[in-house]
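Below is one structure, written out as structure tokens; comments come after it.
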2 protein chains.
Amino acid sequence: MAAGNKRVRLDQQVIVEGVLELARMDPSSRITFKRLGEALGVDATAMYRHFRNKDELTRAALDRLIGAAADAGRNAPGNWRERLEVFLFRLAELSLEHPSIASEGAIIDAAGPGDISADDLILELLTEGGLEGAALIKAYAAISGFSLSQGAALAQEAMSSEGVARDGSIPWIGSYGATNLADYPHVYAHRDALLAISGMDVYRAGVTAILDATERAAEDSIRIA
Amino acid sequence: MAAGNKRVRLDQQVIVEGVLELARMDPSSRITFKRLGEALGVDATAMYRHFRNKDELTRAALDRLIGAAADAGRNAPGNWRERLEVFLFRLAELSLEHPSIASEGAIIDAAGPGDISADDLILELLTEGGLEGAALIKAYAAISGFSLSQGAALAQEAMSSEGVARDGSIPWIGSYGATNLADYPHVYAHRDALLAISGMDVYRAGVTAILDATERAAEDSIRIA
DNA sequence: ACCTGAACACCGTTCAAGT
DNA sequence: ACCTGAACACCGTTCAAGT
């Protein structure tokens, strides 16, 4: 069972799929060349024939995730906002399902075809919504920056609390432990509500805020035109 | 000059300050117990007397950064939105000045006094803006989630492009390299504008979008009341 | 009580050697 | 052309030994 011993011929595609599978099946442990080699039935160093280093490999895997989320958004029904939401939440789901990839920092700009495909989708939907020029670029920046960095945060959260449900329901704030909240009256007043916030709540709140503002900007620019 | 050889008595405070200094002076290399020990004139393993592991140490250092940003926001003039912006941009600056700390993933919830202080500030300012109940908690979630994850993304960007200006002016998108943009008409149409986006532009776009939406929600809840 | 230093189990990466 | 395996330089962490 598990992954091991396929012994197919290696190439970039096969390796990336191996990384994704490893990340899915073993969500709480880091991606390692050794573990990847075992899963593919190949020596740990064989990957260097196909990727310059680990960063490039992780980049390629993340790019695949982003591309898959973009496909989901592109094929979804609904108006521009609804399809954007499908893309954004699919990316969050995929990040939670592959935490060891999505959390591997240092990669905001996967720079592969999946990444560009997602950028194109975001721009297409925002244009459909009526945005153009500087407002379009700003909305694009807010959305693409948010989705990647917040997806990484979600994934890190899922990795560090191993064994816990991978649906984003992990509390965002662990606890206030020994800290005396007397000096922090607002935190004290809302402590129960704050502790009840999950990682996915945070993601959802961010998406809603950004898309509300975007929708507003779109309405304004249509009214002006 | 440089860090080395102080040989003071160790304690949590001294170690955290050492980490922050190391991160400031040597922004493109990772924090290491060995390097930290050299800077403090102490064996690499001496830190284990004061912190359970590296994660706890990094957490404490990040907590200090967040606390400093909260102090800046608390002491700033202006209305709630302006003071929130001071906090958010100060946090981005501090992340860029200490990239090896801010980028050290796995830490969304520093869970220390600085973190709680920042939470209290955010809640205070949002309350001042007229938010309460569920709308308050949602706005808090969007803002705190955004600031931490986007700050980490900014820091990772600063670390990977070593030597480049630490002011967030690094391009968000590297280049489109060899990729044929023929299949991506929207990216193609806006490629120059996209390549001109900096990391700080992305941060600013996110802050503006979230605060616009928050301001709108505050106006609504005041009108209803 | 606090720090040292050897030791351990792992990393990513390089490179000569195999097939 | 592609993969192996030894080797290297580094990690975080543990623990017995020093002072």
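Nothing here was measured: the structure is a model prediction, and the numbers come from that model. Below, chains carry the letters A, B, ... as their sequence lines are ordered, and counting in each starts from 1.
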So CE of M47(B) and CG of L10(B): to nearest 0.5 Å the spacing works out to 7.0 Å

* To do: Tell me, with the steps shown, if D119(A) and Y184(B) meet side-chain hydrogen bond (donor to acceptor under 3.5 Å, both in side chains).
  => CA-CA 9 Å; D119(A) 289 349; Y184(B) 308 105; over 6 Å; no

Closest of dT4(C), dC11(C), dG12(D) to the R30(B) side chain is dG12(D)

- Item | Criterion side-chain hydrogen bond (donor to acceptor under 3.5 Å, both in side chains) on D55(A) and T58(A), from CA distance to verdict | CA-CA 5 Å; D55(A) 189 63; T58(A) 320; 5.6 Å; no

Check your understanding: Centre of Y188(B)'s six-membered ring, under 6.0 Å away, within 45 degrees of the axis: is that where NZ or CZ of R191(B) sits?
Key -> yes

Output row for DNA chain D, stems defined as at least 3 consecutive Watson-Crick or G-U pairs under 3.5 Å, is C:4-8 with D:12-16, C:12-16 with D:4-8

Listing time: all N or O pairs from protein to nucleotides 13-17 of chain C that are below 3.5 Å?
{"unit_1": "dT13(C)", "atom_1": "OP2", "unit_2": "Y48(A)", "atom_2": "OH", "d": "2.8"}
{"unit_1": "dT13(C)", "atom_1": "OP2", "unit_2": "K54(A)", "atom_2": "N", "d": "2.9"}
{"unit_1": "dT13(C)", "atom_1": "O5'", "unit_2": "Y48(A)", "atom_2": "OH", "d": "3.1"}

Between CG of L40(B) and C1' of dC3(C) the distance, given in whole Å, is 13 Å

When rounded to whole Å, the CZ to P distance for the pair F51(B) and dC2(C) reads 14 Å

In whole angstroms, the gap separating C1' of dC2(C) from CE of M47(B) amounts to 13 Å

Q: For D71(A) and A68(A), indicate whether the former's side chain and the latter's backbone hold a donor-acceptor pair under 3.5 Å.
A: no

- Task: Answer with base, sugar-phosphate or nothing: what part of the nucleic acid does L36(B) contact at a heavy-atom distance below 4.0 Å?
- Result: nothing

task = Respond yes when some side-chain nitrogen or oxygen of H50(A) is under 4.0 Å from OP1 or OP2 of dC2(D), and no when none is.
result = no

Here the distance between atom P of dC2(D) and atom CD1 of I15(A), to the nearest Å, is 12 Å

From CA spacing to verdict: side-chain hydrogen bond (donor to acceptor under 3.5 Å, both in side chains), D26(B), S29(B): CA-CA 6 Å; D26(B) 204 354; S29(B) 50; 2.9 Å; yes

The nucleotide from dC11(C), dT4(C), dT4(D) with an atom nearest the side chain of K34(A) is dC11(C)

Of all heavy-atom pairs linking D120(A) and H186(B), the shortest is OD1-N, 2.8 Å

Separation between CG (L91(B)) and CG (L154(B)), nearest 0.5 Å, reads 9.5 Å

Whole-Å distance, D43(A) CG to dC2(D) P, equals 16 Å

query = Contact class for L57(B) (heavy atom, under 4.0 Å): base, sugar-phosphate, or nothing?
reply = nothing

> Can you find a pair of side-chain heavy atoms, one from L84(A) and one from T214(A), that are under 4.5 Å apart?
Replying inline: no

